[in-house]
Structures are given as C-alpha cells and as structure tokens.
Amino acid sequence: MLRRQSARESAARTYARALPIVPVRARGLTIEGADGQRYLDCLSGAGTLALGHNHPVVLEAIRKVLDSGAPLHVLDLATPVKDAFTTELFRTLPRGLADRARIQFCGPAGTDAVEAALKLVRLATGRGGMLAFTGAYHGMTAGALEASGGASDVRVARLPYPQDYRCPFGIGGARGADLAARWTESLLDDTKSGVPAPAGMILEPVQGEGGVIPAPDGWLRRMREITAARSIPLIADEVQTGVGRTGTFWAVERSGIVPDVMVLSKAIGGSLPLAVVIYRDDLDVWPPGAHAGTFRGNQLAMAAGAATLAYVRENHLAERAATLGTRMLTQLRSLADEHPCVGDVRGRGLMIGVELVDPTGTPTDAPTAAPTAHRPAGERPGEEAEADAMAAAGSVVGADPGPEAAMDRSARPLPPAPELAASVQRECLRRGLIVELGGRHSSVVRLLPPLTITDEQAAAILDRLADALTAAARSHHG
Ligand code: PLP
C-alpha cells in the first residue's frame with residue numbers, strides 16, 4: 001500500500017513521507033497500523049482532534065444524524081443540526097463578539113475561511129492591503145498563502161512576530177515584543193513606509209506551523225489597540241489554537257482582546273471538515289451570494305463539531321489543557337537540561353514545541369546578555385529591572401512573562417538542527433509515538449495531543465520522546 005501510495009500520489013504529499021504507516025483503527029490517543037503496531041498520536045490530524053480519535057460523543061452525534069434520515073447535503077439551508085451547531089459555537093465566543101456575531105459557513109478547510117475573511121475585510125474597508133506576520137501560516141490557497149510567512153506579495157506588509165528564542169532584535173522577552181509592536185506602529189504611521197492601506201491585520205495568537213510561538217498577552221493587546229485606533233479590522237486565525245487547545249477556549253481570551261473577525265476550522269468539525277468565519281455585524285457588508293460554495297453545509301461535521309464543542313466546554317478541557325500543558329513544559333525543560341541539543345522548549349496549553357539545535361554550532365550573537373541557559377523566568381539578572389523600565393515607559397507589552405514564557409529569554413540561539421529533528425521524529429515513530437515537525441527550519445518537534453489524555457498517557461509521551469531524543473542525539477553527536 002505504501003509503495004502504491006508513493007507511486008501514485010503527488011510529490012507534494014507531506015505527512016505520509018515522514019510517517020510511513022497505514023492506520024486502520026484508532027481510539028483516543030491511539031492509532032493502530034495495518035501491521036498491528038500501536039502508536040500514541042500527538043499529531044492529532046494537525047491539531048484537529050480535540051477529543052482524540054473516534055470519541056464516543058462524536059461517534060454518537062454522527063450516528064444520530066445518519067439514523068435520522070436527515071439530508072446530508074443541503075448547501076447553506078437551515079437545518080436543526082446547523083442551528084444546534086451555531087448555537088453551541090456562539091455560546092463559546094469571547095464576550096463582546098458573541099452578542100454581535102455573524103457566521104459565514106465557508107468551504108470546508110481552514111484556508112477557505114482565511115480566504116473568506118480577507119475578502120470580507122477588503123470589501124468592508126474598501127482597502128486592498130493586508131498586515132501579516134513573519135512565520136505566519138494561514139493555509140495553501142492564494143490569499144492565505146500570500147499572508148503566510150514564506151510568501152512575498154506587495155499587498156501584504158510583513159511585520160515582526162515577537163519571539164524569545166530567535167528574536168529578530170536579539171533581545172527577546174518583553175523588550176523584544178515591545179520593539180516588534182513599535183515597528184508595526186511606525187510602519188502604519190509613516191506615510192512613506194510603502195505599506196499599502198491595510199484592510200485588516202491577520203495573526204495567530206500562538207503560531208503553530210511557525211514553530212509553536214505564543215504571542216505575549218501584552219503584545220496582543222498592543223495589536224488590538226493599534227488596529228482599533230486606525231480602524232483596521234483585526235482577524236484572529238484560531239484554526240489551530242481554538243477549542244481549548246491553548247488553555248482557554250479561544251486563545252485570544254487569555255489576553256482579553258476581542259478581535260473583529262475570527263477564523264475557525266480544525267477542531268470545530270469534531271474531526272470532519274468544517275470552517276467558518278465569525279465577524280461583528282457591522283462588517284456584514286456582503287450582498288447575497290458574495291461568498292458562495294457548494295460544500296458549506298456538512299451536516300455530519302456540524303453534528304460532530306457541536307458535540308465536540310459542548311464536550312470541551314462541559315468538561316473544562318481548556319483548563320485541563322492549561323494545567324497539563326504547564327506540567328509537560330516543566331518536565332520537558334528539565335529534559336532540556338540533560339540534552340544540549342534542545343535549544344528551547346515553549347508552548348501554551350497542549351500546543352508544545354521543542355526546538356532542536358546544533359550544540360556544537362556558533363550561537364547567534366545577542367547584544368543584551370550572556371547566556372543563562374535553562375534558568376527559569378524571574379531568576380535572571382536584570383529581568384525585573386527591565387520589566388520595570390518597560391512599565392515606566394508605558395509599555396503594555398512587558399506585562400506578562402507568564403509561566404509558559406520561554407525558558408531562557410536572553411539565550412543566544414544556536415543554529416537550528418532540522419536533520420536531528422527529523423531523526424527524533426523517526427526515533428519517536430520507532431517507539432510508537434507520532435510527532436509533528438514545524439518551525440522556520442523544520443527543527444521544532446511539535447506535540448498536539450488530544451485534550452482528553454490522562455496523566456499516564458502524558459507521562460508515556462514524554463518517556464518515549466526522551467528516549468528518542470537520547471537515541472537521535474547519540475547517533476548525531478556520538
Ligand atoms: N490557519 C492556521 C493557523 C493553520 O494552522 C492552518 C493549518 O494548519 C490553516 C490556517 C489552514 O487550514 P487548512 O489546512 O485546513 O486549510
């Protein structure tokens with residue numbers, strides 16, 4: 001089967017290359033291959049499976065629709081299934097948006113919803129430009145691709161996304177985020193910056209494909225203030241971060257910001273394809289049929305999605321993700337102390353990244369401080385003084401190092417190690433653990449386990465990862 005796949009499918013196939021398995025059964029965290037081998041799945045359909053594989057409430061919801069004789073294809077007509085999904089989804093939305101929200105059902109993928117959001121704000125503002133960030137990933141269709149980090153297009157102005165480990169300003173932490181915000185502000189206000197009048201700003205509250213980089217709350221609030229003051233709609237792409245993944249139901253909630261537009265997909269379909277754009281009613285400028293599409297009424301996905309949203313809400317799985325995620329980050333950071341090839345451990349909730357580096361390489365020079373590797377936030381000399389200075393200067397970015405802050409904001413980053421990361425992924429697979437790679441240089445091992453995992457399963461994941469890391473590092477560095 002695998003041979004036939006590689007002979008017949010496109011050279012663009014992705015996951016199948018690194019994960020040569022043939023899944024035939026799955027439940028929760030576990031996938032079983034055709035060869036009988038079992039795997040702990042921390043890829044979770046690229047972050048789709050909030051409840052893991054084939055959760056009973058999801059299966060029951062799907063069966064109920066099938067048994068009811070309801071039509072499976074209805075274009076965008078009203079149905080009881082859709083009504084229930086919309087009610088459940090609206091119930092979860094950030095206050096301030098929920099009361100005035102409109103929903104547009106899009107084509108079935110996250111990228112379709114991104115496309116729709118870009119189109120909507122362009123029409124609503126009458127402007128053509130777009131603000132997006134370094135390292136962003138918004139999908140593979142033309143507009144979404146333009147807004148993603150790898151692309152270059154005159155209509156998209158690329159702004160620095162704050163990051164600690166590879167801070168473009170060589171500082172990281174609160175000061176790096178502050179500089180990133182100032183750069184954005186100055187580009188928008190400089191009449192000669194060359195930035196076309198923006199119809200919107202699109203951002204991920206935690207960059208996923210970009211390497212698991214959580215935006216500081218203060219920086220998000222700054223982006224909200226900057227866009228609000230200039231009447232630029234703020235689009236939060238919560239395709240990957242939504243439905244409890246990062247420790248709050250929607251990742252933006254942590255910072256308290258209310259975006260004008262939210263792009264949602266992945267987990268909202270409960271493992272089946274579904275994507276929507278949510279926006280405030282005053283942006284609802286579309287004439288009838290302005291954004292159509294045949295497959296916008298997937299009844300099975302709406303039923304599975306409604307069941308998933310309700311289950312996450314009722315069982316407080318966002319809070320569970322926050323607690324478990326913090327514990328896993330702490331354990332991974334102590335693992336990092338034993339492995340010099342771990343450059344950084346970061347994440348939020350159950351969206352976790354381990355950046356692998358070449359410990360024999362030359363570190364990028366950082367002007368601010370000597371390396372203080374792996375010391376917890378708050379114990380580093382000068383950090384508090386720096387935060388105080390930022391506060392005195394009126395910066396709101398400096399407010400939140402937070403428990404998930406990078407383990408070492410002032411480290412001098414070592415060169416990324418994509419080959420080592422690939423070999424960690426292979427070693428994980430040999431030990432029955434499926435992990436994803438991501439990041440600018442494909443050197444970040446990513447964990448996106450279901451929000452339903454037990455403490456024992458979390459421990460098993462970390463054990464296998466630790467083992468794989470040791471094996472891969474040994475074969476790379478002797
Ligand atoms: N936006 C974000 C933040 C994503 O992570 C992704 C996919 O990973 C997308 C958009 C695109 O979603 P899809 O692959 O369903 O088109």
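Ligands are counted one by one from 1 in listed order, and the atoms in each one are counted from 1 as well.
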Worksheet item: Of the options Leu234, Leu203, Thr184, which is the one that meets Thr227 in a side-chain contact (heavy atoms from CB on, under 4.5 Å)?
Response: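 Single side-chain contact (heavy atoms from CB on, under 4.5 Å) partner of Thr227 among Leu234, Leu203, Thr184: Leu234.
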With a 3.5 Å cut-off and sequence neighbours excluded, list the donor-acceptor pairs that the side chains of residues 264-272 form with protein atoms.
residue	atom	partner	partner atom	Å
Ser265	OG	Gly110	N	3.3
Ser265	OG	Leu274	O	2.8
Lys266	NZ	Ala46	O	3.0

Using residues 116-127 as the side-chain source, report each donor-acceptor pair under 3.5 Å to any protein atom, sequence neighbours left out, with the distance given to one decimal.
residue	atom	partner	partner atom	Å
Lys119	NZ	Ala290	O	2.7
Lys119	NZ	His291	ND1	2.9
Arg122	NE	Gly128	O	2.6
Arg122	NH2	Gly128	O	3.0
Thr125	OG1	Val121	O	2.7
Thr125	OG1	Arg127	N	3.2
Arg127	NH1	Pro198	O	2.7
Arg127	NH1	Ser231	O	3.3
Arg127	NH2	Ser231	O	3.2

Worksheet entry | No-hydrogen, no-angle side-chain donor-acceptor test under 3.5 Å, Thr246 and Thr241 | no
Worksheet entry | Distance, nearest 0.5 Å, that separates CZ of Arg100 from OH of Tyr279 |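 Answer rounded to 0.5 Å: 13.0 Å.
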Show every donor-acceptor pair shorter than 3.5 Å between a side-chain atom in residues 19-32 and any protein atom, with sequence neighbours excluded, or say none if there are none.
residue	atom	partner	partner atom	Å
Arg25	NH2	Glu32	OE2	3.3
Arg27	NH1	Asn54	O	3.4

Response to the item:
Lining ligand 1 at under 4.0 Å, by non-hydrogen atom distance, are residues Ala109, Gly110, Thr111, Tyr137, His138, Gly139, Glu204, Glu209, Asp237, Val239, Gln240, Lys266
